[in-house]
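Since the structure comes first, as structure tokens, the remarks are kept for the end.
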Amino acid sequence: MKLNTCAFAAFLACLDAGIAVAADVKYSTWMARSIMNRGQGIMTGKGGSSEPLQAGFTQKVFTAILERYPHDPLAPQIRGYLHESAASVAPFMLNATHDALSYPLDRLSNGNALLSLSKGPKTNETATFSSAAAALRQSIDLNRRNGEGGFWYFVYPNWSYLDGIYSLAPFYALYTAGGRKDPEARKALDEIQFQIDLIYYHTHNASSGLLVHGYDDSKTAVWADRITGASPYVWGRSLGWFMMALVDTVELLPRSGCKERDALLRKYNDIARAVLKAVDPATGAWWQVMNEPGRAKNYIESSGSAMFCTALLKGVRLGYLKDAGLAMEAKVVGVRAHGYLTDTFVTQNDKGFLDYNGTVSVCSLNSTASYDYYTGQPLLFNSVLGTAAYAFCSLEMEMFV
Ligand SMILES: *[C@@H]1O[C@H](CO)[C@@H](O)[C@H](O)[C@H]1NC(C)=O
Ligand SMILES: *[C@@H]1O[C@H](CO)[C@@H](O)[C@H](O)[C@H]1NC(C)=O
Ligand SMILES: *[C@@H]1O[C@H](CO)[C@@H](O)[C@H](O)[C@H]1NC(C)=O
Ligand SMILES: *[C@@H]1O[C@H](CO)[C@@H](O)[C@H](O)[C@H]1NC(C)=O
Ligand SMILES: *[C@@H]1O[C@H](CO)[C@@H](O)[C@H](O)[C@H]1NC(C)=O
Ligand SMILES: *[C@@H]1O[C@H](CO)[C@@H](O)[C@H](O)[C@H]1NC(C)=O
């Protein structure tokens with residue numbers, strides 16, 4: 001996006017010179033306005049199994065935008081839309097058994113906004129929000145598990161995906177917020193650590209430090225490694241979800257005396273190191289299939305790249321990369337990635353809204369999970385999983401001024 005990149009370059013020059021300026025261009029709110037204009041992130045019950053994640057992810061970025069810009073002229077509209085998104089999901093989530101059986105773990109991404117909205121003045125609507133949040137919480141206990149206790153991601157027996165952790169961990173971590181020490185908080189911490197350790201153990205490649213998409217604990221899927229059950233490829237977006245899950249969860253846990261937080265922070269650092277190493281030197285962004293960089297048919301994917309950009313810059317802002325000595329590099333790489341994404345995938349349409357291209361549609365392990373599968377899935381224009389991720393990394397960019 002040429003014109004605004006110039007404004008953005010000027011803004012970066014000011015950043016370098018240490019001059020505090022109001023950024024001319026706020027891509028975060030501009031993209032939020034565009035998401036609202038397209039009516040995305042509202043659950044209808046007719047949009048397939050990825051609807052709850054689209055809604056939950058939209059709520060998360062809108063919540064973050066409101067925390068940063070509570071007085072922005074657009075804030076009332078964003079607040080209203082966040083409410084509308086949560087209200088669209090709540091009626092579908094009131095039965096915990098149904099939640100656990102019918103929706104992927106992604107459903108839990110709606111829990112954070114539902115919990116926070118349920119604390120409003122007592123009305124029938126806040127009561128519904130509260131019931132939906134409670135049902136989602138209960139659905140964690142009812143979620144089906146594989147032989148080792150790992151949560152199934154969805155309906156496929158014994159399969160766990162990195163993606164699901166994004167919705168599970170930050171929602172469950174809210175139950176420990178403020179350093180609660182009651183049994184419910186203890187249980188949440190134990191479960192979060194257990195689920196993350198287990199999936200990490202099964203999907204982690206020690207030589208690259210990257211994590212593959214998921215694993216089959218029964219090791220019978222056509223793609224499953226006979227020893228670990230791992231799927232063969234590192235899918236950018238699934239690792240993007242997982243990395244954001246770690247940084248968001250660390251943020252919610254008590255800063256001191258929480259060994260689970262320390263362990264998550266170490267994993268976040270290890271992944272950050274591997275993701276920094278995996279960045280494509282030519283573009284500064286990340287491949288759709290990260291363990292096959294540069295191979296024919298592989299390409300730079302716009303949602304996973306925006307997620308890495310977000311997770312790296314957020315870690316820089318919160319000081320999570322300092323001890324590992326990665327903060328400087330992460331900032332440089334994150335800023336460069338944001339510039340590339342803006343130049344390459346963002347366009348302004350004739351109605352003045354932002355469009356975003358190059359986001360791969362869903363990649364499922366209910367497939368051959370082959371290289372041809374991952375590189376052959378359609379690319380979508382204005383997928384909300386891409387636009388919301390881009391709004392998130394733009395927000396993190398803007399946090400530096
Ligand atoms: C909740 O969902 C389960 C599974 O779909 C169903 O069997 C049960 O009847 C539902 N309960 C209520 C109260 O609707
Ligand atoms: C609120 O809920 C109560 C009890 O279920 C019901 O009687 C009342 O009509 C509801 N009010 C509105 C405004 O929907
Ligand atoms: C899932 O795992 C359980 C426990 O190990 C096993 O009994 C079951 O047969 C597995 N299901 C499939 C479909 O592989
Ligand atoms: C780990 O990654 C390296 C480099 O991508 C690859 O050569 C190796 O086969 C992978 N190991 C396993 C167990 O998949
Ligand atoms: C989006 O990207 C695809 C693939 O690069 C391209 O063919 C398509 O024209 C683009 N769509 C728009 C509306 O720019
Ligand atoms: C899994 O894939 C099969 C074969 O393509 C398809 O028939 C089935 O509907 C898929 N399952 C789900 C839950 O999407």
Side-chain angles (χ1 to χ4, degrees), residues 1-2 4 31 34 37-38 40 45 49 52 90-104 107 128 131-132 134-161 195 198-199 201-202 214-231 236 280 283 285-288 296-306 340-361 365-366 369 374-387 389-390:
M1 181 162 156
K2 211 151 180 141
N4 288 300
M31 188 56 91
S34 311
N37 176 260
R38 288 189 278 271
Q40 294 174 308
S49 60
F92 292 100
M93 298 295 162
L94 295 169
N95 176 335
T97 312
H98 184 261
D99 294 350
L101 295 176
S102 320
Y103 299 111
R107 65 186 182 273
T128 303
S131 305
L136 284 173
R137 162 63 197 89
Q138 206 192 336
S139 79
I140 297 176
D141 294 339
L142 302 172
N143 203 89
R144 287 164 287 192
R145 295 174 186 258
N146 64 34
E148 293 180 85
F151 286 139
W152 297 12
Y153 166 72
F154 189 28
V155 292
Y156 314 110
N158 303 331
W159 299 4
S160 299
Y161 296 15
Q195 295 296 333
L198 189 62
I199 199 161
Y201 166 76
H202 279 277
Y215 73 99
D216 171 11
D217 198 55
S218 318
K219 293 145 189 126
T220 51
V222 291
W223 43 257
D225 181 277
R226 295 302 155 224
I227 296 161
T228 61
S231 66
D280 172 45
T283 57
W286 288 269
W287 297 91
Q288 157 75 350
K297 286 184 67 190
N298 205 356
Y299 55 86
I300 300 295
E301 199 277 328
S302 71
S303 62
S305 291
Y340 179 79
L341 297 175
T342 306
D343 285 347
T344 311
F345 298 113
V346 178
T347 43
Q348 183 179 347
N349 64 34
D350 53 16
K351 286 191 264 161
F353 295 106
L354 290 184
D355 291 328
Y356 196 66
N357 203 355
T359 299
V360 73
S361 73
L365 288 176
N366 187 31
Y374 285 102
T375 53
Q377 284 297 90
L379 283 173
L380 304 180
F381 184 67
N382 282 337
S383 159
V384 75
L385 301 183
T387 57
Y390 176 76

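Just so you know, ligand 1 is whichever comes first in the structure, and atom 1 is the first atom listed for that ligand. We number each residue from 1, following the sequence as shown. When reading the values below, keep in mind they use all heavy atoms of this one structure, side chains included, and skip hydrogens, waters and symmetry mates.
- Within 4.0 Å of atom 11 (N) of ligand 1, at least one protein heavy atom is present.
- For the residue pair Thr283 and Asp280, a side-chain donor N or O sits within less than 3.5 Å of a side-chain acceptor on the partner.
- The protein non-hydrogen atom at the shortest distance from atom 5 (O) of ligand 1 is His98 CD2, 3.7 Å.
- Of the protein's heavy atoms, Thr97 CG2, 4.0 Å lies nearest to atom 4 (C) of ligand 1.
- At the shortest separation from atom 3 (C) of ligand 5 among protein heavy atoms lies Asn357 ND2, 3.7 Å.
- Summarising the geometry of Tyr374 relative to Tyr299, their closest heavy-atom pair is O-OH, 4.1 Å, with the distance given to 0.1 Å.
- Distance check on atom 14 (O) of ligand 1: some protein heavy atom falls below the 4.0 Å cut-off.
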Verdict with reasoning, Phe92 to Arg107, per side chain to side chain contact (heavy atoms under 4.5 Å, CB included): CA-CA 10 Å; Phe92 292 100; Arg107 65 186 182 273; over 6 Å; no
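- Between Asn158 and ligand 3, at least one pair of N/O atoms sits closer than 3.5 Å.
- The protein non-hydrogen atom at the shortest distance from atom 6 (C) of ligand 1 is Asn95 ND2, 4.2 Å.
- For the residue pair Asp216 and Asn158, no side-chain donor N or O sits within less than 3.5 Å of a side-chain acceptor on the partner.
- At least one protein heavy atom sits closer than 4.0 Å to atom 1 (C) of ligand 5.
- Within the listing of ligand 3, atoms 4 (C), 5 (O) sit less than 4.0 angstrom from a heavy atom of Gly147.
- Evaluated for a ring pair (Phe, Tyr, Trp, His ring centres under 6.0 Å) with Tyr161, the options Tyr153, Phe151, Trp152 yield exactly one hit, Tyr153.
- Tyr390 and Thr342 are linked by a side-chain donor-acceptor pair at a separation below 3.5 angstrom, with hydrogens and angles left out of the test.
- For a threshold of 3.5 Å applied to N or O pairs, the pair formed by Ser218 and ligand 3 contains at least one separation below that value.
- Checked for salt-bridge contact, Arg145 and Asp217 miss the test: no charged N lies under 4.0 Å from a carboxylate O.
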